[in-house]
Number of protein chains: 2
Amino acid sequence: MSMKVGQTTRDRLIDASYQLARRQGFNRTSVSEVMKAAGVTKGSFFFHFPSKESLGLVVLKRDREEFLTMIDASLAAATPLQGIERFFAKALKKHRETGFIGGCLWGNTALEMCDSNSSFTEIVVGVFKEWTAKMSKAIRAGQACGQIRRDLPPEVLAQMIVASIEGGIMLSRLAKKAGPLKGCLKMLMTLLQPIAMGRSPGEQWMPESKQRSIPHRQEKSE
Amino acid sequence: MSMKVGQTTRDRLIDASYQLARRQGFNRTSVSEVMKAAGVTKGSFFFHFPSKESLGLVVLKRDREEFLTMIDASLAAATPLQGIERFFAKALKKHRETGFIGGCLWGNTALEMCDSNSSFTEIVVGVFKEWTAKMSKAIRAGQACGQIRRDLPPEVLAQMIVASIEGGIMLSRLAKKAGPLKGCLKMLMTLLQPIAMGRSPGEQWMPESKQRSIPHRQEKSE
DNA sequence: AGTGGCTAACCAACCGATCGGTCTATTGAG
DNA sequence: CTCAATAGACCGATCGGTTGGTTAGCCACT
């Protein structure tokens with residue numbers, strides 16, 4: 001299936017496991033399924049990994065590095081708010097590219113494992129903690145330079161952002177449309193805006209259509 | 001285990017399946033596990049339900065009615081905003097009572113099934129659609145009477161609320177603390193507030209500590 | 001009132017398939 | 001020749017599901 005050439009057997013197993021776990025979860029993905037997808041036999045599988053669970057943990061660890069690196073790269077923009085916007089755009093792009101199939105490995109694994117498997121949960125908790133911390137730091141910087149409203153505590157705001165994104169991905173995955181996630185991200189940007197003194201309600205939604213940095217290809221449906 | 005007396009065998013099976021599925025998901029919950037929890041043997045299980053999946057669907061349908069009824073009951077308050085606040089409080093209370101174990105059946109099932117099992121997904125999609133519609137209606141009413149800021153489209157706002165709650169439940173379930181969900185709900189209430197003309201940033205967070213209607217028992221940790 | 005028959009409800013042995021995992025034999029590059 | 005890497009037969013356990021048989025309560029008929 002995914003069987004890319006030029007990869008080592010180990011890498012192909014990791015890749016196949018990642019793809020399948022993102023769609024079905026780790027529990028429902030059997031060793032045989034991963035083997036078949038990677039074009040490998042059983043003996044080979046257990047030569048590279050002592051157990052199914054250990055492969056799962058390797059998959060999580062690999063994706064963790066990738067994800068945290070992506071966050072840092074996105075947030076390292078000219079201004080904190082631009083960094084956050086870039087991160088939003090990257091996240092939306094990634095899920096749009098996969099057609100909203102599979103969703104977020106972290107959210108999925110969190111809900112699948114967090115009351116049953118502690119090894120998996122430990123890693124997932126760590127990722128969310130780091131993710132939230134990075135967002136929190138960016139928010140604090142944005143508040144310091146007046147780009148982000150100062151009346152909301154950065155830690156809570158960061159947690160809210162992470163929660164909304166996860167929920168937005170979930171809704172977009174269910175609907176197989178970008179709409180829900182895109183809407184959540186747009187609302188988050190609105191929430192971050194400083195409260196302008198003399199601003200009156202009624203004309204804030206999509207105020208300047210030129211300076212938007214979240215790409216908005218038009219959807220075919222909805 | 002849960003084996004409450006006075007219930008029919010069928011009800012005990014539904015109950016046991018609900019509890020187990022909320023913690024582990026439907027996939028990881030075996031028929032034998034449900035049988036044991038309900039104090040019933042295999043022959044009896046398949047007398048009442050033609051398959052494991054059919055029991056799962058019954059569980060979902062039962063919880064759907066319960067959940068939608070709860071939403072209606074909560075939103076039917078003196079004012080739209082009070083209704084929304086009551087719904088938030090009810091949701092928080094429910095998850096606090098279960099010690100943030102198991103999370104939301106709908107979010108869990110969404111992520112577990114939505115790219116593999118279409119019967120389950122169909123029900124889940126319906127619940128989220130109805131949930132969002134009910135919130136949307138309350139928001140529109142709140143906007144009409146000036147309780148909720150008018151510059152945000154009610155549909156998007158409703159979707160954002162649902163997404164944040166699901167994400168908040170996820171984070172609270174991971175952390176086994178009320179903090180994340182509570183923070184999300186508080187932020188949502190802030191987001192709903194009308195933009196007061198002369199309000200300046202800096203003193204909005206937890207402004208009046210007396211009129212809060214979301215209960216805030218103090219946490220032992222965090 | 002007694003009794004034979006019917007059926008909803010339950011029980012437990014059993015089924016093939018598949019699970020995660022082991023083991024031994026074989027391959028092939030250095 | 002060596003040994004990392006692969007192949008695939010095989011293992012016990014468990015999966016979802018089936019089957020035949022045993023209750024217990026009710027209903028009809030004498």
Side-chain angles (χ1 to χ4, degrees), chain A residues 1-61 109 112-113 116-121, chain B residues 1-61 109 112-113 116-121:
Chain A
M1 256 310 136
S2 60
M3 188 60 179
K4 288 157 201 153
V5 290
Q7 275 186 118
T8 69
T9 297
R10 192 185 139 93
D11 283 341
R12 267 186 288 122
L13 284 169
I14 295 175
D15 250 32
S17 176
Y18 170 79
Q19 300 293 346
L20 288 167
R22 224 167 64 93
R23 281 164 179 70
Q24 323 176 347
F26 282 103
N27 293 326
R28 205 187 182 124
T29 302
S30 70
V31 172
S32 318
E33 229 173 332
V34 176
M35 282 162 40
K36 206 167 57 179
V40 155
T41 56
K42 184 157 280 191
S44 210
F45 181 104
F46 285 98
F47 170 77
H48 290 285
F49 300 97
S51 68
K52 176 190 174 183
E53 172 162 327
S54 79
L55 169 57
L57 293 175
V58 167
V59 168
L60 282 190
K61 284 171 187 164
T109 309
E112 186 181 4
M113 301 293 193
S116 49
N117 186 311
S118 57
S119 315
F120 281 67
T121 304
Chain B
M1 257 309 137
S2 61
M3 188 59 179
K4 289 157 200 152
V5 288
Q7 274 186 116
T8 69
T9 298
R10 192 186 139 93
D11 284 340
R12 268 186 288 122
L13 283 170
I14 296 175
D15 250 32
S17 176
Y18 170 80
Q19 299 293 346
L20 288 167
R22 224 168 63 94
R23 281 164 178 70
Q24 324 175 345
F26 282 103
N27 293 327
R28 209 194 180 117
T29 302
S30 71
V31 172
S32 317
E33 231 173 331
V34 176
M35 282 161 39
K36 206 166 56 177
V40 156
T41 55
K42 185 157 277 191
S44 209
F45 181 103
F46 284 98
F47 169 77
H48 289 286
F49 301 97
S51 67
K52 175 190 174 183
E53 171 163 328
S54 80
L55 169 57
L57 293 175
V58 168
V59 168
L60 282 190
K61 283 170 188 164
T109 310
E112 187 181 3
M113 301 293 194
S116 49
N117 186 309
S118 57
S119 315
F120 281 67
T121 305

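Quick note: numbers below take in every heavy atom, side chains included, and nothing from hydrogens, waters or symmetry partners. Chain letters run A, B, ... following the sequence lines, proteins first, then strands; residues in each count from 1.
- We find that CZ of B:Arg28 is positioned 14 Å from C1' of D:dT14, with the value rounded to whole Å.
- Put simply, the side chain of B:His48 does not reach to within 4.5 Å of the side chain of B:Thr8, judged on heavy atoms.
- Relative to the axis of its first five pairs, the axis of the last five pairs of the helix from C:dA1-D:dT30 to C:dG30-D:dC1 sits at 10°, rounded to 10 degrees.
- Atom C1' of nucleotide D:dC15 and atom CE of B:Met35 are separated by 12 Å, given to the nearest angstrom.
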Subject >> Base versus backbone protein contacts along nucleotides 20-30 of chain C [heavy-atom cut-off under 4.0 Å; B, S, -] >> reply: BBB--------
Output side-chain donor-acceptor pairs under 3.5 Å for residues 28-35 of chain B, partner residues at least two apart or in another chain, one line each.
unit_1	atom_1	unit_2	atom_2	d
B:Arg28	NH1	A:Asn27	OD1	2.5
B:Thr29	OG1	B:Gln24	OE1	3.3
B:Thr29	OG1	B:Gly25	O	2.7
B:Ser30	OG	B:Glu33	N	3.2
B:Glu33	OE1	B:Ser30	N	3.2
B:Glu33	OE2	B:Gln24	NE2	3.1

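- Here D:dT14 presents its P atom at 10 Å from NZ of B:Lys36, a figure rounded to the nearest Å.
- The phosphate of D:dT6 has OP1 or OP2 within less than 4.0 Å of a side-chain N or O from A:His48.
- Nearest heavy-atom pair, A:Pro50 versus A:Ser54, reported as atom, atom and distance to 0.1 Å: CD-OG, 3.2 Å.
- For the atom pair A:Leu57 CG and A:Asn117 CG, the distance stands at 7.0 Å (nearest 0.5 Å).
- Per the geometry, CG belonging to A:Leu55 stands 15 Å off P belonging to C:dC19, to the nearest Å.
- Atom CG of residue B:Leu60 and atom CD1 of residue B:Ile14 lie 11.5 Å apart, to the nearest 0.5 angstrom.
- For B:Arg12 and C:dA9, the CZ to C1' distance is 12 Å, given to the nearest whole Å.
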Side-chain atoms of residues 40-47 of chain A: list all donor-acceptor pairs with protein atoms under 3.5 Å, sequence neighbours left out, distances to 0.1 Å.
none

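- Residues meeting the ring pair (Phe, Tyr, Trp, His ring centres under 6.0 Å) test with A:Phe120, sequence neighbours left out: A:Phe26.
- To the nearest angstrom, P of D:dA13 lies 18 Å from CD of B:Glu33.
- B:Arg23 is linked by a side chain to side chain contact (heavy atoms under 4.5 Å, CB included) to B:Gln19, B:Ile101, counting only residues two or more places apart in sequence or in another chain.
- Look at CZ on A:Arg10: it is 15 Å from C1' on D:dA4, rounded to the nearest Å.
- The shortest non-hydrogen separation linking A:Gly39 to A:Arg12 is O-NH1, 3.8 Å.
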